[in-house]
Amino acid sequence: MTRWAAFVVSRKWWVLAVAVAAVVLSGLWGLGVFGKMSQEGYFDPDSESARVTTLINEKLGQQSPDIVAIYTAPDGRTIDDIGPEVQERLSGFQQEWPTDSIVSYWSVSGSAAEPLLSLDGTKAIATVFVDWDSDVDLADIDAMAEDLAVPGIDSEFAGGTLVAHSFNQHLQQDLLKAEAIAIPITLLLLVVIFGTVTAAAVPVFVGMLTVFSALGTLRLLTEITEISSFALNVASLLGLGLAIDYGLFIVSRFREELGRGSDTAEAVRRTVLTAGRTVMFSGLLLVCAFAGMLVFPQPVIRSLGFGAIASVTSAAILSLTAIPALLAILGHRINSLAWRKGAVERGDARAERFWSGVVTRVMRRPVVFSVTIIAGLLVLASPLLRVTLGEITYTALPADDPSRAATETMYTEFASAGDAAGILLRGSDGQQPTTAQLSEFSRELRAVDGIDQVRLVATTDDVSVLTATFTNDVPRGELVRDIRAVDPPDGTDVMVGGGAALTEDTNASIVSHLPLMITIMVVSTLILLFLAFGSVVLPIKAVAMAGLSLAATFGILTWIFQEGHGASLLGVTPNPLEPTFVVLILAVVFGLSTDYEVFLMSRMVEARQSGADTEEAVRIGTARTGRIVTAAAALLIIVTGAFTISGLSIMRFLGVGMIIALIIDATVVRMLLVPSLVKLMGEANWWAPAWMRRIYEKVGIGH
């Protein structure tokens, strides 16, 4: 770091120019990422239900239509009356667009037509399977839906591919709106925090560079692996927030060094060696937290992990290159364009007095503060005992989204659209299941509580495919387990798939991989924090505090999003928590929690190494970082809180979760609970066995 600090000072213009040029070129190339991101990947590809889906598609072809067109007969006309007009439109569509097949109520007869007619007989369905191997892509699907509309006939459009495209469109629109709102508000808040426009502009400038670099990084990742469209929003806004936080930390330390009388070169050098080292270490901690997401088999979770790692890396690298170079160029002009004369000095002094007073009161009664706060957080965490996991469905779309409304129509007005299990009965000797075996197995399935009817779909090679339609009065996960408990006839094997089975298997997969993810996060954090502070106690305390913050956060999220308290105010429908975003919040909050711990403890350790006792080190560390940590959290709340303006309920879940976690962790835990516990533990905070102390002295990366 010493050599790098000297290099930045001596080559400041070159460092800044290379950093900006690299980001701009990467971002321009990355603009092509929007057409390359996936809308799939939510399921464990190795699960039984996913293998059923793959086998059915291989044996029978794609079973889920890309577009479901729902036509409603106008008043005074019947479904049969509008048949010629609809068929003419469908015929024209096949000539205009490449399709594998189109099946409609009017193109089949008898029992095959019944599932395509609504319960009241006023609506009928046409299913469209697009030939994606031809010269069409996902961006064309809106135009396809428009060409399926029949003039004078009410036409609605659903279908898995169309719904996925709607998600993608909302994500892109939400990202633009979120950045348009977050960046100006963040700049304004930074002006208030720093007291000068120049100092405020530096973190925002680097934050915008980080967002641009995220495009290039994600574009590169799409060439290597499947990347979810959700990763773009997460990587961009998380990168923006972290870059601004890091910029706040570095600029604050630079101004502090200038205030002590250092010249510009020395101030930059000292800043890189102290705040820069902390930022580098913080980035490592966050990368370790997000690396835990890579153990999951679901591509969407892994892609969110890759995106988050990329954003953290970009934010840290730009904070150690572009920001020091800018500071070396600006020098004392960092305090120019003050919104009020003397605002800088008064603001710094006022903040230090405030947090010094707060921490002094906390350390006078450490037992009262620690016991009260821990008890309060455990109460907030109590709803977590009732948590259940769900899935991302069309109900996550805004209520006024056309594809959501059409899907709602399909599920409520067509009996065939209800939940069902896809069941594969396979002859274990390579022969087709016999009629007797199918009859016996169907009879056993009908006896399961919650199954409405069982129907044979097709038999091919050694496999027979059946569907078991569900009633509405039995929990889906329980029903899937009951179906799997049915013994198949002798000489056959059975596999269960379908939407409910996919959800059940996915949630089970996530729960089974969570311990490994948590182990990676905890072990890597303990090791890194020991190498930073040379203490065994401080890392364990940091992990425990992160766990307490997480428990309280998820307790509140369960109370709101699952149990429905205040859900109407957020415009969301109470549902079980979506597991993909539970994993993401877990990683983000754990990483940020230990991140703020590093910001706080690094100044305490620095003060203690300068000769202060434990109590004085706590007071100095909290007084000098209290404003920075709470301001950093406030800025990140603005940036990630922009998710709450999304029309997608899952993004609101992420935004609200981040707001709750940051408020709890950056104020209650970091500024009140941590000082009280450090005071109570006294000199034990700095303890490590002699053999570990020798390791720290050789390879430690602390100040």
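The line from CG of Leu526 to CE of Met521 is 11.5 Å long, rounded to the nearest 0.5 Å. Put simply, CG on Leu636 and CG on Leu662 are 5.0 Å apart, with the number rounded to the nearest 0.5 Å. Expressed to the nearest 0.5 Å, how far OG1 of Thr506 lies from CZ of Phe296 amounts to 12.0 Å. A distance of 8.5 Å separates OG1 of Thr580 from CG of Asn507, quoted to the nearest 0.5 Å. Ser442 contributes atom OG, which lies 7.0 Å from atom CG of Leu456 (distance to the nearest 0.5 angstrom). Put simply, CD on Gln298 and OG on Ser47 are 8.0 Å apart, with the number rounded to the nearest 0.5 Å.
Judged by distance alone, with hydrogens and angles left aside, the side-chain atoms of Gln437 form a donor-acceptor pair with the main-chain N or O of Thr434 at under 3.5 Å. For the pair Glu504 (side chain) and Val480 (backbone), a donor-acceptor distance under 3.5 Å is absent. Formation of a donor-acceptor pair under 3.5 Å by the Ser593 side chain with backbone atoms of Phe590 is not found in this model. Of the possible polar contacts, none joining the Ser314 side chain to the Ser311 backbone as a donor-acceptor pair under 3.5 Å is found. The closest donor-acceptor contact from the side chain of Thr225 to the backbone of Leu221 lies at 3.5 Å or more, if one exists at all. Side-chain N or O atoms of Thr412 include one that pairs as donor or acceptor with a backbone N or O of Glu408 at under 3.5 Å. Of the possible donor and acceptor atoms, none in the side chain of Arg426 sits under 3.5 Å from a partner among the backbone N and O of Val494.
Side-chain atoms of Met517 and Leu586, non-hydrogen and from C-beta on, do get closer than 4.5 Å to each other. Using a 4.5 Å heavy-atom cutoff, the side chains of Leu479 and Phe470 are in contact. Between Pro489 and Pro433 there is no side-chain heavy-atom pair separated by less than 4.5 Å. Using a 4.5 Å heavy-atom cutoff, the side chains of Val463 and Leu425 are not in contact. Put simply, the side chain of Leu242 does not reach to within 4.5 Å of the side chain of Thr210, judged on heavy atoms. Leu220 places a side-chain heavy atom less than 4.5 Å from the side chain of Trp29. Within the 4.5 Å cutoff, no side-chain heavy atoms of Asp66 are placed close to those of Thr127. Counting only heavy atoms from C-beta outward, the side chains of Val465 and Ile423 never approach each other to under 4.5 Å.
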For side chain to side chain contact (heavy atoms under 4.5 Å, CB included), just list the numbers for Leu438 and Leu466, CA-CA rounded to whole Å, side-chain angles, deciding distance to a tenth of an Å, and then say yes or no. CA-CA 9 Å; Leu438 287 169; Leu466 303 95; 4.3 Å; yes

Please evaluate residues Val448 and Ile451 with respect to the criterion side chain to side chain contact (heavy atoms under 4.5 Å, CB included), reporting the C-alpha separation (whole Å), side-chain torsions for both, the decisive distance (0.1 Å), and the verdict. CA-CA 6 Å; Val448 175; Ile451 290 184; 3.9 Å; yes

One pair to check against side chain to side chain donor-acceptor pair (under 3.5 Å): Gln562 and Thr388. What are the steps and the verdict? CA-CA 8 Å; Gln562 178 180 306; Thr388 56; 3.3 Å; yes

Under the criterion side chain to side chain contact (heavy atoms under 4.5 Å, CB included), I'd like the reasoning laid out for Val496 against Glu48: C-alpha separation, chi angles, the key distance, then a yes or no. CA-CA 7 Å; Val496 180; Glu48 177 181 309; 3.7 Å; yes

Run the side chain to side chain contact (heavy atoms under 4.5 Å, CB included) check on Leu162 and Val68 step by step: do they pass? CA-CA 9 Å; Leu162 189 63; Val68 177; over 6 Å; no

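The shortest non-hydrogen separation linking Arg446 to Val454 is NH2-O, 3.5 Å. The minimum heavy-atom distance between Leu577 and Leu557, with the atom names listed, is CD2-O, 4.1 Å. Annotation for Ile560 and Ile660: closest pair CD1-CD1, 4.5 Å, computed over non-hydrogen atoms. Taking both residues in full, the closest heavy atoms of Ile585 and Gly657 are given as CD1-CA, 4.3 Å, listed atom of the first, atom of the second, then distance. Heavy atoms only, all atoms of each residue included: Ala315 and Gly239 are closest at CB-O, 4.0 Å. In terms of heavy-atom proximity, Ile102 sits nearest to Leu90 at CD1-O, 4.0 Å.
Sorted pairs that involve residues 301-312 and meet salt bridge (Lys or Arg N to Asp or Glu O under 4.0 Å), not counting sequence neighbours, are lacking altogether.
Between Asp505 and Arg484 there is a salt bridge, with a side-chain nitrogen of the basic residue lying less than 4.0 Å from a carboxylate oxygen of the acidic one.
A donor-acceptor pair shorter than 3.5 Å cannot be found between the side chains of Glu226 and Ser303. Ser166 and Ser403 share a side-chain donor-acceptor pair at under 3.5 Å. Of the N and O atoms on the side chains of Asp131 and Thr99, not one donor lies less than 3.5 Å from an acceptor on the other residue.
Aromatic ring centroids of Phe653 and Phe561 lie under 6.0 Å apart.
Applying the ring pair (Phe, Tyr, Trp, His ring centres under 6.0 Å) rule to Tyr105 yields no partners; only residues at least two apart in sequence or on another chain are considered. By the side chain to side chain contact (heavy atoms under 4.5 Å, CB included) test, Thr467 pairs with Arg455, Val457, sequence neighbours left out.
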